[in-house]
Every structure is written in C-alpha cells, then in structure tokens.
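This report concerns only the one structure given below.
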Amino acid sequence: MMETKVRAGIVGGAGYTGGEMLRILINHPNVDIAFVHSTSNAGNHVYDVHTDLFGDTDLKFAAELAYNIDVLFLCVGHGDAKKFLEANPIPDNIKVIDLSQDFRLKNDATSHKTRTKEFIYGLPELNKEVIKKANNIANPGCFATCLQLGLLPLASKGLLNSEVHITATTGSTGAGQSPSATTHFTWRNDNLSVYKAFEHQHLNEIGQSLKQLQSGFNQAINFIPYRGDFTRGIIASMYIDTDLSEVDALKLYHQYYDEHPFTHVTRHDIDLKQIVNTNKCFIQVKKHGSKLLIISILDNLLKGASGQAVQNMNLMFGLDEKAGLKLKATGF
C-alpha cells in the first residue's frame, strides 16, 4: 500500500459533488488537498459556502490552478469538463477523475479532438483491474451506478434475456445545486413526479456496460425515473423474466460482489436510511413467479458521485479501496 500522501486538486468545489469531495478528502488518511478551484468564490473560505465544514478546515477557494498535484477531480456540470480541459491542458503525469458525463461513453472517452487523454469508465464493480492502471477516469452517473449494480451479475452470465423494467426515485440533490422549478421546496415537498420516461441520459452508459459483459444484449430497458420529496438517495426496483431460482440468483449476486467491499446483497427488505451518507450499495433479490425482482439503493452524492470518485482514486494509487470511505449511515 502507498504510504506517501496523494496531493489532490478540486475544480468546481462549490457545488454538491465538490462539497462532498471536500468532506471526504479532508478526513482521508492518504490525501492532502492542494487547492479548491472556484472563480466565483475565490478568496473565500470553503466554510463560507459549505457551512458544515466550519471548524474542520481553513482552506480557501482559489482562482488559479496548481499543477504540483497527483490527481485532479472535475466536479463540474455536464459539458463543462470538456470545456475545462480544452482551456486548461492538464499534464499527463496528473491523473484526472471527471464526475460529469462528458467522457462516459466510449466514443467520447477516446476521440475528443482537443486532447489526447483516454478515459476509463470508473465503475469498480465492472472495471476494477483496468481502473488500477488508468490515468483518467470517467466517473459513472448516479442512476447509472444504482441500476448497473442491480443488473451486472445477470449480464455476467448472459441471463438478461427479457426486457428490463425499472422504476427509480432520486432525491432532490440529484438535480444539482442550481435552483429550478422542480427543486424548489414548496414544489418538491409532499410531491412526486416522473421525468425523462424511457429517455434518461444514463441509459446509454447502462447499455454500454451490460453489453461489455453480455455482448449480445439487445433487450429494451424500460426506465421510469421519479423525482422524490427527499434530499439524498436513490431507490430502484427492476425486474426481468427468468427461470433462475431465488436461491441461484442470490448465489450469483453474492459471488459477483464477493470482492467488492461496498456492494452488499440480501433477501431482506432494504431502505434508504441504511445507505444515505455512505459509499455503500445494498441490493435485495427476490423471486415472484417468473419475475426476478431486484431492489438497489445508494446515496446519489457518494456511491453515485464523489464517494465512488474517491474509491477510484484509491484504486489508481494503490491505496486501501475503503480509505476515507468508512462512513456512518444516518440510521434515523
């Protein structure tokens, strides 16, 4: 295991994923934060924006980048990572972990005209050995992580042979920090709504990963996302038609995730409070007649974003995969 400190820079430190990145890295035993970049907050203390960090750090936001770092986290909006790398060429000796969707698809990850960086899709439960050798990581989306972790074991054995039906609900932080009509408290509270039915952007990366394991996969993924009236977490229910028994399904899922420390499988009921504020994903598997029901839950800002990015960093630098990520669930 690596004993020297990893020097990290964060771009976009004022948003939700940037704030979560700070909260993890401030307490990470193997990391020093070299800078937190934010032009709109330059000169201000980090705790002026993330007020819960008052007393934890005296870091200030910086307008300038520094290149005496080992890893750069891009906690920026979709489309902004490409623009940032165009405007700020990053030396090849600095590893880049991008939390936007800009490089998740293979064509985007290898062919962007203004750079030579190649991005590896950073889902450890799919690409762990490749991630360990990678220089640049495209961190998966939150819905994509939750749904893929529910389906990957089946794809690994070529068992996705019917349409996949999915309903999933996400908390308001999944929409990002910029306010909108559907994130305003008076609209979101005591409310529930469908959005992007059958057309969510994360379907592309989900399909890409399933075909990586099951090359002939061509079934429809019927995905209905919901906006929930809570802050954090995703709960997804998905089902397929299969002859697989519940006993065999559980055995398959346990075997697939045996060497992945953050994904845990059970036949018992699960709920969001078990995983909110952690980097865990819990998966429940049950058989109902010919249907195999899979429930998958995770924290959209941690396992679905910043926590997974740090997990990827740990793998890339030869650290304990769980370093900095032994986090406490809210519980109640």
Side-chain angles (χ1 to χ4, degrees), residues 16-17 20 24 122-126 139-155 164-175 188 192-196 200 202-203 205-206 209-210 221-240 246 249-250 252-254 256-258 260-288 291-311 321-322 325-332:
Y16 286 148
T17 58
E20 291 299 87
I24 297 169
L123 186 63
E125 291 81 0
L126 177 66
N139 212 58
C142 53
F143 265 136
T145 298
C146 190
L147 304 187
Q148 286 176 90
L149 293 179
L151 297 172
L152 289 181
L154 295 167
V164 183
H165 299 272
I166 305 171
T167 299
T169 305
T170 186
S172 58
T173 52
R188 194 99 179 197
L192 196 65
S193 65
V194 171
Y195 72 109
K196 297 181 181 178
H200 197 280
H202 288 184
L203 283 170
E205 57 186 285
I206 294 168
S209 296
L210 295 179
I221 303 175
N222 303 299
F223 177 31
I224 311 296
Y226 281 79
R227 302 179 183 95
D229 65 342
F230 50 91
T231 303
R232 300 172 72 124
I234 294 175
I235 181 167
S237 59
M238 52 200 105
Y239 65 88
I240 64 165
E246 182 173 310
L250 280 165
L252 169 62
Y253 275 73
H254 280 296
Y256 188 91
Y257 291 118
D258 183 55
H260 297 286
F262 292 108
T263 303
H264 304 276
V265 182
T266 180
R267 59 159 50 97
H268 301 295
D269 290 343
I270 54 179
D271 63 83
L272 287 180
K273 285 191 175 182
Q274 294 174 304
I275 51 80
V276 167
N277 200 46
T278 79
N279 197 55
K280 296 176 183 177
C281 175
F282 284 1
I283 295 174
Q284 179 185 2
V285 179
K286 295 194 76 173
K287 193 73 185 289
H288 296 270
K291 312 289 186 190
L292 183 67
L293 174 67
I294 307 107
I295 311 294
S296 179
I297 58 173
L298 53 72
D299 186 316
N300 56 291
L301 292 179
L302 289 173
K303 184 57 175 165
S306 301
Q308 184 152 247
V310 172
Q311 183 181 355
E321 188 174 352
K322 298 177 73 173
L325 295 169
K326 298 174 183 179
L327 306 172
K328 175 190 172 296
T330 52
F332 51 85

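Values in this document were obtained by computation on a predicted structure and should not be read as measured data.
Evaluation of the side chain to side chain contact (heavy atoms under 4.5 Å, CB included) rule for Lys280 yields His264, Ile275, Thr278, Phe282 as partners, not counting sequence neighbours. With sequence neighbours excluded, no residue forms a side-chain hydrogen bond (donor to acceptor under 3.5 Å, both in side chains) with Ser296.
Closest non-hydrogen pair, Leu126 versus Ser209, comes out as CD2-OG, 3.5 Å. Considering every non-hydrogen atom in both Leu250 and Val285, the closest pair reads CD2-CB, 4.0 Å. Across every non-hydrogen atom of Asn279 and Leu325, the tightest pair is ND2-CD1, 3.8 Å. Considering every non-hydrogen atom in both Ala329 and Gln274, the closest pair reads CB-O, 3.4 Å. Contact detail for His200 and Pro225: the closest heavy-atom pair is CD2-CG, 4.0 Å.
Put simply, the side chain of Asn300 never gets that close to the backbone of Cys142: no donor and acceptor are under 3.5 Å apart. Although no hydrogens or angles enter the test, the distance criterion places a donor-acceptor pair under 3.5 Å between the side chain of Thr145 and the main chain of Gly141. Looking at Gln308, its side chain never comes within 3.5 Å of a backbone N or O of Gly304 through a donor-acceptor pair. Of the possible polar contacts, one joining the Asp299 side chain to the Asn277 backbone as a donor-acceptor pair under 3.5 Å is found.
In this structure, the separation between CG on Asn139 and CG on Leu123 is 9.0 Å, given to the nearest 0.5 Å. The distance from the CZ atom of Arg227 to the OG atom of Ser193 is 4.0 Å, given to the nearest 0.5 Å. Taken from OG1 in Thr263 to NE2 in His254, the straight-line distance is 12.5 Å, to the nearest 0.5 Å. To the nearest 0.5 Å, atoms CD (Gln284) and OG (Ser237) are separated by 10.5 Å. Taken from CZ in Arg232 to OG1 in Thr330, the straight-line distance is 9.0 Å, to the nearest 0.5 Å. In this structure, CD1 on Ile294 lies 5.5 Å from CG on Leu154, to the nearest 0.5 angstrom.
Each of Ile206, Ile234, Thr170, Ile166 was compared with Cys146 under the side chain to side chain contact (heavy atoms under 4.5 Å, CB included) criterion, and only Ile234 meets it.
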Can you list the steps and then say if Cys281 with Ile283 is a side chain to side chain contact (heavy atoms under 4.5 Å, CB included)? CA-CA 7 Å; Cys281 175; Ile283 295 174; 3.9 Å; yes
Lys286/Glu246 under salt bridge (Lys or Arg N to Asp or Glu O under 4.0 Å): CA gap, chis, key distance, verdict: CA-CA 6 Å; Lys286 295 194 76 173; Glu246 182 173 310; over 6 Å; no
Go through the steps for Lys303 and Leu149 under the test side chain to side chain contact (heavy atoms under 4.5 Å, CB included), then give the verdict. CA-CA 11 Å; Lys303 184 57 175 165; Leu149 293 179; 4.0 Å; yes
Going through the checks in order, is the side chain to side chain contact (heavy atoms under 4.5 Å, CB included) test met by His202 and Lys196? CA-CA 11 Å; His202 288 184; Lys196 297 181 181 178; over 6 Å; no
Hey, mind stepping through Ile295 and Ile270 against side chain to side chain contact (heavy atoms under 4.5 Å, CB included) and telling me if it holds? CA-CA 8 Å; Ile295 311 294; Ile270 54 179; 3.9 Å; yes
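Taking the side chain as every heavy atom from C-beta outward, His288 and Tyr239 never approach each other to under 4.5 Å. In this structure, Leu151 and Leu210 have side chains that are in contact, with non-hydrogen atoms separated by less than 4.5 Å.
Residue-environment remark: OH (Tyr226) stays at or below the threshold of 12 foreign heavy atoms within 6.0 Å. Heavy atoms of other residues, nucleotides or ligands lying less than 6.0 angstrom from NZ of Lys273 number 12 at most.
Between Tyr257 and Tyr253, the ring planes lie tilted relative to each other; the angle falls in the 30° to 60° range.
Aromatic pair Phe223/Phe143: ring centres closer than 6.0 Å.
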